[in-house]
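Reviewing the structure listed below.
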Amino acid sequence: MDAAAPMMSVATSIQRAKDETHAATLILECLECLDSRGRKYDVYETLALVAQSKDVADVSPTLRKAAQLLFVGITRPTHLLALANRPTPQALPLTRT
């Protein structure tokens, strides 16, 4: 039996992952200034756009950039994608009813 080559895990930014694939990706939510009304959570706000079928062209430039970065991040893994976001008082359904 051949010894498997050691695997290296590197934490890096989404911007550096462009044109790469990975077995697994973990995206951590962060508090960002996404619009003029104040600070918001980037993953939550981006998932809200998807859940509400909103056009990314109709949002603030900062939220649009967060959505683009999230898109790059979620399209990189081949086997596992994990999103870590803060708990919210009201659950945001990801499917339409």
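Quantities reported herein were computed from a predicted structural model and do not represent experimental measurements.
- In plain terms, the two heavy atoms of L63 and E45 that are nearest each other are CD1-CB, 3.7 Å.
- When all heavy atoms of R76 and T25 are compared, the closest pair comes out as CB-OG1, 4.2 Å.
- In plain terms, the two heavy atoms of V56 and A67 that are nearest each other are CG2-CB, 3.8 Å.
- T78 and A23 get closest at one heavy-atom pair: OG1-CA, 3.4 Å.
- For the residue pair E29 and D42, the shortest heavy atom distance occurs at CG-OD1, 3.4 Å.
- A pairwise comparison of heavy atoms in P77 and G73 identifies CD-O, 3.5 Å as the closest pair.
- Remark: T46 OG1 to K54 NZ distance equals 12.0 Å, nearest 0.5 Å.
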